[in-house]
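A short worksheet on the structure shown next.
Atoms considered below: every heavy atom in the structure, side chains included; atoms not considered: hydrogens, waters and symmetry mates. We name chains A, B, ... by the order of the sequence lines, and we start the count at 1 in each one. Predicted model only: the values in this text are computed from it and were never measured.
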Amino acid sequence: MRLTIKELFELPPDGRSVIVKGWIRTKRETKSAVFLEVNDGSRMGNIQCVFDEAAAASSAAEIARAGTGASVRVEGSLVASPASGQKVEVKALSFEVIGEAPADGYPLQKKAHSMEFLREIAHLRPRTNTFGAVARVRNRMAFAVHQFFQDRGFNYVHTPIITTSDAEGAGEMFQVTTLDLDRIAKSGEPVDYSKDFFGKAASLTVSGQLNVETYCQALSRVYTFGPTFRAENSNTTRHLSEFWMIEPEVAFNDIADNMDLAEDFLKSLARVALSDCAEDLTFFDQRIQNGLLDMLAKMIAAPFARMTYTEAVKELEKTPEAFEFKPYWGCDLQSEHEKFLTEKIVGGPLIVTDYPKEIKSFYMKLNADGKTVRAMDVLVPRFGEIIGGSEREERLDVLEERIEALGLKKETYSWYLDLRRFGTTPHSGFGLGFERLMLYVTGMANIRDVIPFPRAPKLADF
RNA sequence: UCCCCUGUAGCUCAGUUGGCAGAGCGUCUGGCUGUUAACCAGAAUGUCCGUGGUUCGAGCCCGCGCGGGGGAGCCA
């Protein structure tokens, strides 16, 4: 198998014969030499292929066709570079253009492009430094997620993508149907879901949590990592309609254990990014977000700040900072509040716990005060919530009361309630939006730029 | 869904009081003894988002529509 450019860079530049295949980033021509920068995505850096006067002359016709973006094959010898700027290079002997990229149509130029423009050519943007780096980091982080949990005895559970239980309550759902909508609309008759594919209304999942809890109550340590879908009309830099979520769930863990797990998890992922994606992260540090490397190193080194919701509101109330929304006990923490707490008060990640029950989900464990629940949100500077989780309510009677108080139907949750009827245990878990982790680790500003083909309202191209 | 900004060359943008459409980069051509987002010289390139209106005259002003961005809410 052909060596990748990354692998070539690991070889000694002893003049050995090598073959480079990849795409041209830039071509520089002088009278005495031609320089081709070739990249194959195996790493951030290109390999420089140099044609001396004789080689350039014998390959002149091919070199003329080799514009930015063309796919090429270069055969030559791997040598130490006589010029500064790169340690090794390929002294080219023969050259072939595999696929041309005509300059009058190829949209990527050898210059910086805006993220907005690149978003419109999502099929070509992985050929840029930035999106190549995002793709490599995303790959490494996905693997690191599994490594983290596998190393700790967690079982990976595949929760369903299609669901007929409208139970998660985490957001608006996309309907899944095979009914002929045109015909039903024309007929004017009410929709009969008993005739639909699953015999009832079905949707794409908004969370695997309730399903994964069932396996938690059998395998103790479990996690899901898969796509989730929310039909919310949100147009922000940190929401997607289709995103990947990681949801661990641990039997017998209380909220303190849950916080420790979340903190270990984030630190472990940051550690892997710094060690295994150093070249890409250095690029992000220089070109995307200054101070990224320091921020990640600092995050790993220091324990996360922790405070209860009640303490957080007190902090917000006592500051002279003028908020658009005045904080008070019982209010949901606004973006500006979260930013103030993480950026001004603690200067790093912050875990806020024990929120008022009114602003959190039904399945969160009620505290003894009867007013707050054992929720925990991990907030980070720049964009707020990255993890949301809780200790779950394991007491059947309390859970049923909460369901009724919130106007939900008990029948809908019968299988979920069975977990409390038969061998219930305390347990805890959380959800981490994978793309939010990517924003945090890469310093990228828009969540649409850390997933290959983003889906958002009015956006499902490619 | 709400608020604000924005749409001009392939890209990023400028365009004065309403009066002949501009720059940089990219591209192309030529030059240059090893270049690093090469450099130097020259050239080509426009449905000024669409639509209706005001006006002698609209890239510019007004209405409507569409696209893009940022913020808010929802949340991960």
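Residue A/Q48 is classed as a base contact, given a heavy-atom separation below 4.0 Å to a base. Nucleic acid contact for A/N446: sugar-phosphate only, since backbone atoms but no base atoms lie under 4.0 Å from a heavy atom of the residue. A/F243 comes within contact range of at least one nucleobase, with a heavy-atom separation under 4.0 Å. Residue A/T30 is in base contact, counting any heavy-atom pair closer than 4.0 Å across all strands shown. Heavy atoms of A/E89 sit under 4.0 angstrom from at least one base atom. A/Q86 comes within contact range of at least one nucleobase, with a heavy-atom separation under 4.0 Å.
Screening A/R448, A/R138, A/H239 for a side chain to side chain donor-acceptor pair (under 3.5 Å) involving A/E435 leaves a single residue, A/R138.
Scanning residues 322-337 of chain A for heavy-atom distances under 4.0 Å to RNA chain B yields A/D332, A/Q334, A/S335.
Between A/K27 atom NZ and B/C39 atom C1' there is a gap of 17 Å when expressed in whole angstrom units.
The aromatic rings of A/F149 and A/F154 sit tilted relative to each other, their planes meeting at an angle between 30° and 60°.
Across B/U33 and B/A21, the matching C1' atoms stand 42 Å from one another, rounded to whole Å.
Between A/H146 and A/F148, the ring center distance fails the sub-6.0 Å criterion.
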